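Owing to the predicted nature of the structure, the values given are computational and were not obtained by experimental measurement. Chain letters run A, B, ... following the sequence lines, proteins first, then strands; residues in each count from 1.
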2 protein chains.
Amino acid sequence: MTARTSTDNARDIPEATVARLPVYLRALVGLAEAGTATCSSEELAAAAGVNSAKLRKDLSHLGSYGTRGVGYDVEYLRYQIAREIGVTQDWPVVIVGIGNLGHALANYSGFRSRGFRVVALLDADPERHDELVAGIDVRPFDDLEEIVEDQGVAIGVIATPAIAAQDVADRMVAAGVTSILNFAPTVLSVPDGVDVRKVDLSIELQILAYHVQRKAGGTVADDFDRLHDEEVTA
Amino acid sequence: MTARTSTDNARDIPEATVARLPVYLRALVGLAEAGTATCSSEELAAAAGVNSAKLRKDLSHLGSYGTRGVGYDVEYLRYQIAREIGVTQDWPVVIVGIGNLGHALANYSGFRSRGFRVVALLDADPERHDELVAGIDVRPFDDLEEIVEDQGVAIGVIATPAIAAQDVADRMVAAGVTSILNFAPTVLSVPDGVDVRKVDLSIELQILAYHVQRKAGGTVADDFDRLHDEEVTA
DNA sequence: CCGAGTTTGTTCTCCCGTTCACAAACTCCT
DNA sequence: AGGAGTTTGTGAACGGGAGAACAAACTCGG
């Protein structure tokens, strides 16, 4: 039952679980570096910031990698999760749009240490070409197809202004990219089978703002707004 | 029924809806700039990348701002959503950690245009002090408490290395910050009543990698891993 | 004024994810 | 060897969100 072959369907892991596996992986790396050989679901859950029941259920989707009465072998579980996610070897990644954010992403050491290798930086602006960023020179956007094919790139990162993002996405998809991480504040439309994840900085802040406002019971200006609203709708 | 007072509970909006309101707001701004005065739920849903039934249900949590047979007034709905989120006026924000990412965040124009004002950039490294970033000079981290109090800052952004993030969070909370946007790849522990949202770049990539691997049916190296696994567990 | 067409707001059903609680399985001590 | 203590893996109950479907409410043309 715990033996997994390439034909059984033990691999359809719930999306919510997939999103947490990288967190567990990070926590396990931390425990390993601290010299911990074994940990209980309680400890790992604490390190990952989740509830232990949820952790155990998540891990149960991968197989039975723990030992009752003992816990989990840190190194073994770390490897199994890395394998499940697919980061036992590096994925080549291209970043398009080398503005402030693109710079930061290119220099982010976490990519390299967590299973990703930036193979190219592209920008449409000729002024940026041949500039060295993080030891990689910036190339023309038109080199995209060549790079994707030569390096077998499946994952693209979009860090352009919103206006350019859809065009970049279209070109990426046409070139063979199947997964896109989009930092541009716009909705991308892509064909079925292409995954898009979006990171929108101001949306995150706006969500926080909503909760601050709730906690505070509304600001002075908002009280005015609400009063005005009542007068109008009453 | 649609009249809302400060005592009724029309304000407890589902979390999933809150997370989408900023997307609708952005879509409405786009429509307004394109000169559209009125739009149907179908149009707005398309612009926001969601299903129209979901959009209507989301909006129904705010009140009855549409007109049957007609649709929504773009400007009116835009204002109502902005008010609900709380971005009718600017929120002061402080950014801690002015490395590559901090630079990018400080320069990000989307903050200013979407209801946020960066009032201070802080860094523990004296080498960075008095450097001008986006027209704001970088100040010592120890100025945090003074700035939070003077400017009434409720939202803090952490863009430090992981090792420093928990300390920064503790100081922020002690100073009076109630909401934190965390870019450091670590789990923050904060008291009840403090909101934390996290943005982890390599986690997003890892989630994409998982799906790429699934689509591809596993890489060569992974096939080896799986074969090895069968030999061991069989 | 009335009927046809349009679009919202809401109800109902289904599904996914979370949490509780406990049996199964292991270790350790006597 | 056996019992006490520990920890995993999972079955079951529960809650929230997604989507379909429809009644209510509006516009427009005659």
Protein and nucleotides 12-14 of chain D: nitrogen or oxygen contacts under 3.5 angstrom:
{"unit_1": "dA12(D)", "atom_1": "N6", "unit_2": "K57(A)", "atom_2": "NZ", "d": "3.0"}

Original post:
Within the structure, does a side-chain N or O atom of R56(A) lie under 4.0 Å from either OP1 or OP2 of dC22(C)?
Top reply: no
Original post:
Roughly how far, to the nearest 0.5 Å, is OG1 of T160(A) from CG of L101(A)?
Top reply: 10.0 Å
Subject >> Contact nearer the 5' end of DNA chain C, comparing C39(B) with R20(A) >> reply: C39(B)
Original post:
Reckon S41(A) has a side-chain N or O less than 4.0 Å from the OP1 or OP2 of dT8(D)?
Top reply: yes
**OP:** Identify the two heavy atoms, one from Y108(B) and one from P185(A), that lie closest to each other, and give their separation to 0.1 Å.
**Re:** OH-CG, 3.8 Å
Original post:
Any Lys/Arg nitrogen of D90(A) or R112(A) sitting under 4.0 Å from an Asp/Glu carboxylate oxygen of the other?
Top reply: yes
**OP:** Could you check A53(A) against G66(B) and say which one's nearest nucleotide on DNA chain C is further toward the 5' end?
**Re:** G66(B)
Subject >> From Y76(A), Y24(A), Y79(A), residue fulfilling ring-ring contact (aromatic ring centres under 6.0 Å, His included) relative to Y65(A) >> reply: Y76(A)
**OP:** Ignoring the backbone of E15(A), work out which of dG9(C), dT8(D), dG17(C) is nearest its side chain.
**Re:** dG17(C)
**OP:** Find the distance I13(B):CD1 to dG9(C):P and express it as a whole number of Å.
**Re:** 14 Å
Subject >> Straight-line distance of T36(A) OG1 to E43(A) CD, nearest 0.5 Å >> reply: 7.5 Å
Original post:
Just by distance, do the side chain of Q206(A) and the backbone of R114(B) share a donor-acceptor pair under 3.5 Å?
Top reply: yes
Original post:
Taking atom P of dC26(D) as reference, at what distance in whole Å does atom CG of D73(B) sit?
Top reply: 16 Å
Subject >> Option from I158(A), D170(A), V168(A), V173(A) for which side-chain contact (heavy atoms from CB on, under 4.5 Å) with L188(A) holds >> reply: I158(A)
Original post:
Could you give the CG-to-C1' distance, from D58(A) to dC16(C), as a whole number of Å?
Top reply: 13 Å
Original post:
If you check every side-chain atom of S40(A), which of dT18(C), dA18(D), dT7(D) has the closest atom?
Top reply: dT7(D)
**OP:** Let me know the distance between CG of L77(A) and P of dT8(D), rounded to the nearest Å.
**Re:** 11 Å
**OP:** Could you tell me the separation between the CG atom of L59(A) and the C1' atom of dT19(C), rounded to a whole number of Å?
**Re:** 16 Å
**OP:** Ignoring backbone atoms, establish whether S64(B) has a side-chain N or O less than 4.0 Å from OP1 or OP2 of dG9(C).
**Re:** yes
**OP:** Can you tell me the distance, in whole Å, between the NZ atom of K54(B) and the C1' atom of dC15(C)?
**Re:** 13 Å
Subject >> CG on L59(B) to CD on Q80(B), rounded to 0.5 Å >> reply: 11.0 Å
Original post:
Do any N or O atoms from the side chain of E75(B) and from the backbone of A32(B) form a donor-acceptor pair under 3.5 angstrom?
Top reply: no
N/O to N/O distances under 3.5 Å, protein versus nucleotides 24-26 of chain C:
{"unit_1": "dA24(C)", "atom_1": "N3", "unit_2": "R68(A)", "atom_2": "NH1", "d": "3.0"}
{"unit_1": "dC26(C)", "atom_1": "O4'", "unit_2": "R68(A)", "atom_2": "O", "d": "3.2"}

Original post:
To the nearest angstrom, how far is L55(B) atom CG from dA20(D) atom P?
Top reply: 14 Å
Original post:
Which value, rounded to the nearest 0.5 Å, describes the distance between Q166(B) atom CD and N182(B) atom CG?
Top reply: 9.0 Å
Original post:
If only side-chain N and O atoms of Y72(B) are considered, is one of them under 4.0 Å from the OP1 or OP2 phosphate oxygen of dC26(D)?
Top reply: no
**OP:** Could you state the atom-to-atom distance from CD of E42(B) to C1' of dG9(C) in whole Å?
**Re:** 15 Å
